[in-house]
Amino acid sequence: MELWQLPVTEVAALIRERRVSAVEVAESCLAQVEAVNPELNALADVRPEETLADARRADAAVAAGEELGPLHGVPASTKINTPRRGALTSHGVAAMAGMRAAHDDASVAALRAAGAVFLGRSNAPAFSVRWFTENEPHGRTLNPWSAAHTPGGSSGGAASSLAAGMTPLAQGNDIGGSIRFPAGCCGVVGVRPTVGLVSNWIAPEDTGPEPPLTVQAWAVQGPMARTVADARLALHAMAGADLRDPFGVPALPAAPPRTGPVRVGVVRDVGIAKPHPAVDAAVSEAARWLADAGYEVEEIELPLLAEAARLWSLLLFEDLRPGLPGMLEMADEPLRVHMRYAFEHAAGLWGEEPGLPAYLGGWARRATLITRLQEMLGTGMLLLTPVSAEPPFEQDADILDPGRGRSLVDAQWPMTSLPVLGFPGASVPAAVADGLPIGVQLIGGRFAEDLVLDAAQAVEDRAPRIAPPAFS
């Protein structure tokens, strides 16, 4: 196998054991970028000389016998909306196309401290608010499985680059499925951690306008990779206590105690969008694999997920409303259309202008739902859901017409319900249908990431190998 095809765990071990150099790994990944990125357009701001200089420093540290981090020498991409010192931070907006960050945000700093070698900035939609990846300054990113279907969004460039072998690791962020949905669309693994586990701190010089409360309380940074083991390794490297983050934890919580088999509740449909047959079949297969692995699997009804998905359309869009004119002034036309349809969807649930009482009531109801779900999952139970009620969407499906735009929001209830609640979730590939990957989502109690990833590993161990034929 070529070095670009190897998993993070193997690359890190080979570098640590001096069987390959970080430069050799970086050169292999850069060659793959040169070969496939012109077609897929997954990475922006690729600067080979800087990547190779970082790799040479990594090799010098190995030669000097220095203590090495768990990701030492591993190439990783970072997203264009996440500050990385000296790197393009355009947010996919033409007016910001030349912006470069002065500092690393906390998640990027953690990856740097763990030894990662940065390779490129992954593409995202303007302001990272669509489930599609296209913008004015960087263009459209394609899905390695099908150019006619979205690679997901907003971390679509990260997922596409992983599936096509450009890097073995990527950083993403998630407030409405932006890690988990692209992972499902491209057949890779994405982890949304519990809010506060991975610091969301950004240096004041790089934050821009003060973010809405939902962004502070819901948005998380997390890893994306081609295997569960790689995502777990990266998550542990990124996690850490950081009180600069207003929702950061003062110390990393211990794993919840448990005895006996882990229960898994299968939630296929919460009454918002009927699952596509291929999606339903993937959930059934994953449930069977988990039962084979010793989990106690049962079908359950969980209406609170539907309620949380509806709250997403209230709380997020009301937080965005005051800054919407400025956002739309800088937005490209696809984002303007997307936002119009999204606000129409929210108005259908909550009215044209819900007002302060509804908004405050929504935040209060959110707290109740969090408590109820933690009471269910806090003893070690897991949930299995679709990633989306549909397979990967056709390109531009969110802006074709108002009805289709609204139906996409409904299909994404597994993606939108979880950020409202702040619980951890992981997207893992489970099937291929009509030439497109289908993922499933596993959800655990707060700070039960390892329990979630254990179940994801059980699915991965039993699933067929899922990789785009042209890039495997």
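Nothing here was measured: the structure is a model prediction, and the numbers come from that model.
The side chain to side chain contact (heavy atoms under 4.5 Å, CB included) with Leu305 is formed by just one residue from the set Leu421, Leu418, Val420; it is Leu421. Paired with Thr141 under the rule side-chain hydrogen bond (donor to acceptor under 3.5 Å, both in side chains), one option of Asn123, Thr150, Thr133 passes, and it is Asn123. If you run side chain to side chain contact (heavy atoms under 4.5 Å, CB included) between Gln171 and each of Gln221, Met224, Arg84, only Gln221 comes through.
Nearest heavy atoms, Arg180 versus Pro414: NH1-O, 3.3 Å. Smallest separation of non-hydrogen atoms from Pro137 and Ala97: CB-CB, 4.1 Å. The two residues Ser388 and Ala411 come nearest to each other via the heavy atoms OG-O, 3.3 Å. Taking each heavy atom of Ser77 and Leu43 in turn, the nearest pair found is CB-CD2, 3.9 Å.
Between the Thr89 side chain and the Ala87 main chain, a donor and an acceptor come within less than 3.5 Å of each other. Remark: side-chain polar atoms of Thr194 are paired, donor with acceptor, to backbone N or O of Phe447 under 3.5 angstrom. Of the possible polar contacts, one joining the Asp206 side chain to the His103 backbone as a donor-acceptor pair under 3.5 Å is found. At least one donor-acceptor pair closer than 3.5 Å links the side chain of Asp230 to the backbone N or O of Val8. A donor-acceptor distance shorter than 3.5 angstrom exists from the side chain of Ser21 to the backbone of Glu24, with no hydrogens or angles considered. For Gln32 (side chain) and Ala164 (main-chain N/O), a donor-acceptor pair under 3.5 Å exists by modelled atom type. With hydrogens and angles disregarded, a donor-acceptor distance shorter than 3.5 Å links the side chain of Asn135 to the backbone of Ala124. Between the Ser284 side chain and the Asp280 main chain, a donor and an acceptor come within less than 3.5 Å of each other. A donor-acceptor pair under 3.5 Å links the side-chain atoms of Ser472 to the main chain of Pro469, judged by distance alone. Between the side chain of Arg226 and the main chain of Thr167, a donor-acceptor pair closer than 3.5 Å is present.
Ring centroids of Phe317 and Trp312 are separated by less than 6.0 Å, placing the two rings close together. Taking the six-membered ring where the residue is Trp, the centroids of Phe132 and Phe181 are separated by 6.0 Å or more.
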Stepwise, does the side chain to side chain contact (heavy atoms under 4.5 Å, CB included) test hold for Asn200 with Trp218? CA-CA 10 Å; Asn200 220 3; Trp218 298 0; over 6 Å; no
Kindly indicate, with the supporting measurements, whether the criterion side chain to side chain contact (heavy atoms under 4.5 Å, CB included) is fulfilled by Val129 and Leu335. CA-CA 8 Å; Val129 296; Leu335 178 58; 3.0 Å; yes
Please report the C-alpha distance between Glu390 and Arg404 in whole Å, then the side-chain angles of each, then the deciding distance to 0.1 Å, and finally whether the salt bridge (Lys or Arg N to Asp or Glu O under 4.0 Å) criterion is met. CA-CA 12 Å; Glu390 297 187 24; Arg404 182 64 177 134; 2.8 Å; yes
Can you list the steps and then say if Asp59 with Arg18 is a salt bridge (Lys or Arg N to Asp or Glu O under 4.0 Å)? CA-CA 9 Å; Asp59 286 334; Arg18 306 189 188 194; over 6 Å; no
Trp131 and Asp398: CA distance, side-chain angles, deciding distance, side chain to side chain contact (heavy atoms under 4.5 Å, CB included) verdict: CA-CA 8 Å; Trp131 289 303; Asp398 62 329; 5.9 Å; no
Leu383 and Leu442: CA distance, side-chain angles, deciding distance, side chain to side chain contact (heavy atoms under 4.5 Å, CB included) verdict: CA-CA 6 Å; Leu383 301 177; Leu442 288 149; over 6 Å; no
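In this structure, Phe393 CZ and Leu436 CG are separated by 12.0 Å, a value rounded to the nearest 0.5 Å. Between Ser199 atom OG and Met238 atom CE the span is 10.0 Å, to the nearest 0.5 Å. For the atom pair CG (Leu290) and CD (Glu285), the distance works out to 11.0 Å, reported to the nearest 0.5 Å. Distance CG/Leu252 to CD/Glu449: 10.0 Å, rounded to 0.5 Å.
By the ring pair (Phe, Tyr, Trp, His ring centres under 6.0 Å) test, Phe471 pairs with no residue at all, sequence neighbours left out. With sequence neighbours left out, the ring pair (Phe, Tyr, Trp, His ring centres under 6.0 Å) criterion links Phe423 to no other residue. Glu134 is linked by a side chain to side chain donor-acceptor pair (under 3.5 Å) to Arg140, counting only residues two or more places apart in sequence or in another chain.
Taking the side chain as every heavy atom from C-beta outward, His138 and Ser90 approach each other to under 4.5 Å. Taking the side chain as every heavy atom from C-beta outward, Ser313 and Thr416 never approach each other to under 4.5 Å. Side-chain contact between Phe118 and Thr78 is present, with heavy atoms from C-beta onward closer than 4.5 Å. In this structure the side chain of Val189 reaches within 4.5 angstrom of the side chain of Pro429, judged on heavy atoms. For the pair Met381/Ile300, a side-chain contact is recorded, criterion being any heavy-atom separation below 4.5 Å from C-beta on. Two residues are said to be in side-chain contact when any heavy atoms from C-beta on lie closer than 4.5 Å; Leu382 and Leu451 meet this criterion. A 4.5 Å side-chain heavy-atom check between Pro168 and Gln5 finds every atom pair outside the cut-off. For the pair Val266 and Val283, the minimum side-chain heavy-atom distance is below 4.5 Å.
For Glu67, the CD atom is loosely surrounded, since the number of other residues' heavy atoms within 6.0 Å does not exceed 12. The neighbour count for Arg263 CZ, taken as heavy atoms of other residues, nucleotides or ligands under 6.0 Å away, does not exceed 12. Residue Glu34 places its CD atom among 12 or fewer non-hydrogen atoms of other residues, nucleotides or ligands, all under 6.0 Å distant.
With salt bridges taken as basic N to acidic carboxylate O contacts below 4.0 Å, none links Lys274 and Asp410. For Glu50 and Arg56, the salt-bridge test fails: no basic side-chain N is under 4.0 Å from an acidic carboxylate O.
For residues 93-122, the pairs satisfying salt bridge (charged side-chain N to carboxylate O under 4.0 Å, His left out) are Asp45-Arg100, Arg85-Asp104, Asp104-Arg112, with sequence neighbours left out. Applying the salt bridge (charged side-chain N to carboxylate O under 4.0 Å, His left out) definition to pairs two or more places apart or across chains, none involves residues 155-169. Sorted by first and then second residue, the salt bridge (charged side-chain N to carboxylate O under 4.0 Å, His left out) pairs with a member in residues 451-468 read Arg232-Asp454, Asp292-Arg462; sequence neighbours excluded.
Using a 3.5 Å distance cut-off with no hydrogens or angles, the side chains of His91 and Asn81 do not pair a donor with an acceptor. Side-chain contact check for Gln441 and Thr385: at least one donor-acceptor pair (N or O, by modelled atom type) lies under 3.5 Å. Lys79 and Ser122 share no donor-acceptor pair across their side chains, judged by distance under 3.5 Å alone. Between the side chains of Ser28 and Glu2, no donor N or O sits under 3.5 Å from an acceptor N or O.
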